[in-house]
Structures are given as C-alpha cells and as structure tokens.
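First comes the structure, then the notes that go with it.
Start at 1 with the first residue, then count along the sequence.
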Amino acid sequence: MPVVKASTITLNNGKKMPVLGLGTYGLRGQNCIDAVKTAIDAGYRHIDTAFLYENETEVGQGIKEKIEDGTITREDIFVTTKLWNTSHEPDQVRQAFDTSMANLNLGYVDLYLMHSPLGATVDSNGVTVLTDIDYVTTWKAMENLLDTGRVRSIGVSNFNSEQLRRVIEHGTVKPVTNQVECHVRLNQKKLIKFCKDRDVVVTAYSPLVRPSATIGLDSSGTPKPAFEDERVVSIAERYGKTPAQVLLRYLVDIGTVPIPKSGNPDRIRQNLNIFDFTLTPEEVCSLDSLNTGQRLVKLPSAVAHPFYPFHDEI
C-alpha cells in the first residue's frame with residue numbers, strides 16, 4: 001500500500017498539526033513500538049500518547065527508530081502527550097513534564113495537554129483521591145513550560161465549554177486544542193462550533209466508537225454496531241471504503257482531528273487512507289442522525305466533583 005499523507009490544520013499559534021493521528025491508549029511493549037513504526041511507514045505524522053498510558057517510552061522508541069533509519073526527521077512528526085490528574089499542583093507540573101520528556105526522549109514535544117480538569121492526589125494507602133485544585137491554576141503552570149523551548153503548543157482534554165471558556169479568559173495562552181471523546185454516536189457538533197468560534201481545534205478520541213459498542217437497533221430491536229448500520233455501510237459501498245474509513249472521514253468533514261487507536265498493521269494503514277474522498281452534505285446529514293449523545297467515557301467516580309466535565313451537553 002502506498003504511503004498516504006494526511007493534510008494539516010493550522011493551530012491558533014501558527015503551528016501545523018496533521019488532521020489524523022495514531023492513538024496509542026492500550027498499546028504496550030513491543031506491540032506499541034511496532035504499531036508506531038507501522039504507522040510512520042504508512043504515512044502517519046501525528047502520534048498521541050499520555051503519561052497515563054504507560055507507553056511514552058515505547059512511543060518514543062518507535063519514533064526514534066524511524067528517525068534513525070531515515071524514514072522521517074524529528075521535525076516531520078507531531079507528538080502529543082499529557083499531564084495526568086495527580087500532577088495538577090503548580091509545583092508538580094514541571095516535574096511531570098520532565099518525566100514525560102525523559103520517557104519519550106525526543107528532545108521536545110509538539111503538544112502537551114492537561115488530560116482532564118480533575119486534579120487528584122495519591123494518599124498514603126496508594127489510593128487516588130480527587131482534589132479541588134482549580135484547573136486554571138494548573139493551566140497557568142503549563143503556560144510556563146513554553147519558556148523551556150521543549151514544548152511547541154499546549155492544550156486541554158475532556159474539558160466542557162464552560163471550563164474551556166474559563167481557561168481562555170483567565171490564562172495568557174489560548175489552548176490550541178481540546179481533545180474529547182467524539183464519534184458518530186457522540187458527534188459533539190455543538191462543542192465543535194464553540195471551539196471553532198474561539199479558534200480551538202477539537203481532537204477526537206475514540207473516533208471509531210468501539211467494535212463492541214452499539215448504535216441504534218436493527219429491525220428486530222437488537223442493538224447493532226455502528227459499523228453495521230445501513231447508513232454507514234451504504235456510504236462505504238458507494239466509495240469503495242470500509243465502514244471505519246467512512247466514520248473517520250465523517251469526523252474530518254465535521255471539523256475534528258481523529259486519533260484512531262489500533263495495533264493491527266492493516267487497520268493502521270486503512271485508517272489513514274481517507275483523504276481521497278469527501279462526504280457530501282447529504283451523507284454528513286445521514287450520519288448526523290446516528291448521534292445519540294451517549295458517552296463511552298463517563299468518569300463515574302468523579303460525578304460529584306465540582307469540576308466534573310460531563311454534566312452539561314457541551
């Protein structure tokens with residue numbers, strides 16, 4: 001399969017980000033290294049990881065091996081990692097960033113995100129306990145990382161519209177992106193518009209829902225996966241694409257940057273091969289009808305927290 005290159009989007013600070021990336025949540029060890037290398041060979045130039053995923057070292061190794069063999073240079077690849085909840089205190093942010101930098105061992109990161117607005121700490125029994133630290137305070141500490149020259153852009157993840165508004169109003173650096181759950185069942189079109197109006201890109205995690213997740217019912221009332229929905233299948237057949245490719249193209253066409261995760265070489269390559277077609281407005285409208293507003297990621301242990309991000313629709 002020939003190398004495919006994703007188009008790029010210009011962030012509000014002038015930096016460019018490829019409009020599709022490889023998500024790495026759940027990838028570990030050699031499987032993670034191999035997935036990253038396969039993705040780069042296929043043409044991916046955007047890799048997403050996080051401290052929480054416990055694979056920053058493997059992601060960095062896979063990238064370094066492709067730099068060393070001449071496939072890419074460091075400047076060719078856009079790398080994202082994230083600050084975890086247990087490092088939200090201002091004096092913890094730099095240390096957490098340094099740890100991720102050491103794990104990746106790539107010299108700099110292109111994008112550093114606050115993984116969620118929920119601060120936490122680990123108590124003497126090793127139990128993670130939520131704290132009431134204001135995410136705006138954490139954000140201001142993240143702004144200081146830009147002075148190190150080791151991070152090009154900063155952003156947020158799992159923020160609702162009100163939380164994003166507060167960060168923009170009280171910070172001095174605007175987030176370049178808000179990475180949120182976004183897929184055909186939760187298309188986030190209201191949040192996408194809110195972010196676009198403020199020149200903030202939406203990055204879409206869990207963009208393919210999940211193979212086991214269901215959307216709607218078949219004629220007998222039985223739940224069926226999104227990949228099997230006739231609206232998705234008919235569009236896929238029309239373009240000679242897979243249902244997954246249609247679902248990813250949909251997210252690009254409504255203005256997001258999807259980051260599908262896969263450790264399967266064929267699916268990694270297929271997921272990138274979506275830039276030779278676009279959906280018509282009628283097809284987008286058809287897929288809009290699959291939206292139910294239901295989330296996969298609900299953070300149930302944090303529902304009572306004042307900064308829980310998912311009480312409101314956007």
**Study point:** Considering all heavy atoms, the nearest Thr256-Ile192 contact
**Key:** CG2-CD1, 3.4 Å
Check your understanding: With the threshold set at 4.0 Å, does a side-chain nitrogen-carboxylate oxygen contact exist between Asp48 and Lys82?
Key -> yes
Review point. Below 4.5 Å, heavy atoms only, C-beta onward: do Leu186 and Gln294 meet side chain to side chain?
Key: no
Exercise for review: Indicate whether any N or O donor in one side chain lies under 3.5 Å from an N or O acceptor in the other, for Glu56 and Thr81.
Suggested key: yes
Practice item. Please check if the side chain of Ser87 supplies one atom and the backbone of Gln92 the other of a donor-acceptor pair under 3.5 Å. Key: no
Check your understanding: In Å, rounded to the nearest 0.5 Å, how long is the span from CD1 of Ile63 to CG of Leu104?
Key -> 7.0 Å
Check your understanding: Is the shortest side-chain N to carboxylate O distance from Arg28 to Glu54 below 4.0 Å?
Key -> yes
Review point. If only atom types and distance count, is the side chain of Asp76 paired as donor or acceptor with the main-chain N or O of Thr73 below 3.5 Å?
Key: yes
Review point. Is Arg150 positioned over the aromatic face of Phe97, cation under 6.0 angstrom from the ring centre and no more than 45 degrees off axis?
Key: no
Exercise for review: Calculate, to the nearest 0.5 Å, the distance between atoms CG and CZ belonging to Leu290 and Arg185 respectively.
Suggested key: 10.5 Å
Exercise for review: May I ask you to test the Gln163-Asp312 pair for a side-chain heavy-atom distance under 4.5 Å?
Suggested key: no
Check your understanding: Are Arg165 and Glu162 close enough for a salt bridge, meaning some N to O gap below 4.0 Å?
Key -> yes
Point to revise | Any donor-acceptor N/O pair, Asn125 side chain to Val127 backbone, under 3.5 Å | key: no
Revision key, fill the gap. Here the gap from Gln270 atom CD to Lys241 atom NZ, rounded to the nearest 0.5 Å, amounts to 9.5 Å
Check your understanding: Is Phe51 atom CZ crowded by more than 12 heavy atoms from other residues, nucleotides or ligands, each under 6.0 Å away?
Key -> no
Exercise for review: Search all heavy atoms of Asn160 against all heavy atoms of Tyr308 and return the closest pair with its distance.
Suggested key: ND2-O, 4.3 Å
Practice item. Would you mind telling me which of Asp34, Val59, Asn55, Val36 makes a side chain to side chain contact (heavy atoms under 4.5 Å, CB included) with Leu27? Key: Asn55
Exercise for review: Write out all pairs satisfying salt bridge (charged side-chain N to carboxylate O under 4.0 Å, His left out) with one or both partners inside residues 277-287, taking only residues at least two apart or from two chains.
Suggested key: Arg238-Glu283
Review point. What pair of heavy atoms forms the shortest contact from Ile77 to His46, and how long is it?
Key: CD1-N, 3.9 Å
Check your understanding: Ignoring hydrogens and geometry, is there a side-chain-to-backbone donor-acceptor pair from His311 to Val303 under 3.5 Å?
Key -> yes
Exercise for review: Report yes if some heavy atom in the side chain of Leu287 is under 4.5 Å from a heavy atom in the side chain of Val232; otherwise report no.
Suggested key: yes
**Study point:** Salt bridge Lys196-Asp199, side-chain N to carboxylate O under 4.0 Å
**Key:** no
**Study point:** Contact check, side chains of Pro243 and Leu208, non-hydrogen atoms, under 4.5 Å
**Key:** no
Practice item. Heavy atoms only: give me the nearest Glu313-Gln188 pair and the separation to one decimal. Key: O-OE1, 4.4 Å
Exercise for review: Please name the pair of heavy atoms, one in Val233 and one in Phe227, separated by the smallest distance, quoted to 0.1 Å.
Suggested key: CG2-O, 3.4 Å
Review point. If only atom types and distance count, is the side chain of Arg249 paired as donor or acceptor with the main-chain N or O of Ile274 below 3.5 Å?
Key: yes
**Study point:** Heavy-atom check, side chain of His183 versus side chain of Leu296, under 4.5 Å
**Key:** yes
Point to revise | Crowding at CG, Asp132 (>12 non-hydrogen neighbours, <6.0 Å) | key: no
**Study point:** Presence of salt bridge, Lys37 and Asp41, under 4.0 angstrom
**Key:** no
Point to revise | Phe159 ring center near Tyr135 ring center (under 6.0 Å) | key: yes
Check your understanding: Is the side chain of Trp139 donor-acceptor paired with the backbone N or O of Val173 at a distance under 3.5 Å, no angle test?
Key -> yes
Exercise for review: Ignoring hydrogens and angles, tell me if any N or O in the side chain of Arg152 forms a donor-acceptor pair with the backbone of Val109 under 3.5 Å.
Suggested key: no
Check your understanding: Do Arg74 and Asp110 sit within salt-bridge range, that is, some charged N less than 4.0 Å from a carboxylate O?
Key -> yes
Check your understanding: Rounded to the nearest 0.5 Å, how far apart are OG of Ser100 and OH of Tyr112?
Key -> 4.5 Å
Review point. So, for Glu181 and Val297, which heavy atoms are closest and what is the spacing to 0.1 Å?
Key: OE1-N, 3.0 Å
Check your understanding: What distance separates Asn178 CG from Cys195 SG, expressed to the nearest 0.5 Å?
Key -> 5.0 Å
Review point. Cut-off 3.5 Å, side chains only: do Ser262 and Asn264 have a donor facing an acceptor?
Key: no
Check your understanding: Do other residues, nucleotides or ligands put more than 12 heavy atoms under 6.0 Å from Gln95 CD?
Key -> no
Check your understanding: Between the main-chain N or O of Val246 and the side-chain N or O of Tyr239, is there a donor-acceptor pair closer than 3.5 Å?
Key -> no
Practice item. Would you please test Thr24 and Glu58 for side chain to side chain contact (heavy atoms under 4.5 Å, CB included) and show each step? Key: CA-CA 10 Å; Thr24 62; Glu58 289 82 358; over 6 Å; no
Point to revise | Atom pair CG (Leu83) and OG1 (Thr138), whose distance is rounded to the nearest 0.5 Å | key: 7.0 Å
Review point. Should we count NZ of Lys193 as having more than 12 external heavy atoms under 6.0 Å?
Key: no
Check your understanding: Is a donor on one side and an acceptor on the other found under 3.5 Å between the side chain of Asn271 and the backbone of Pro260?
Key -> no
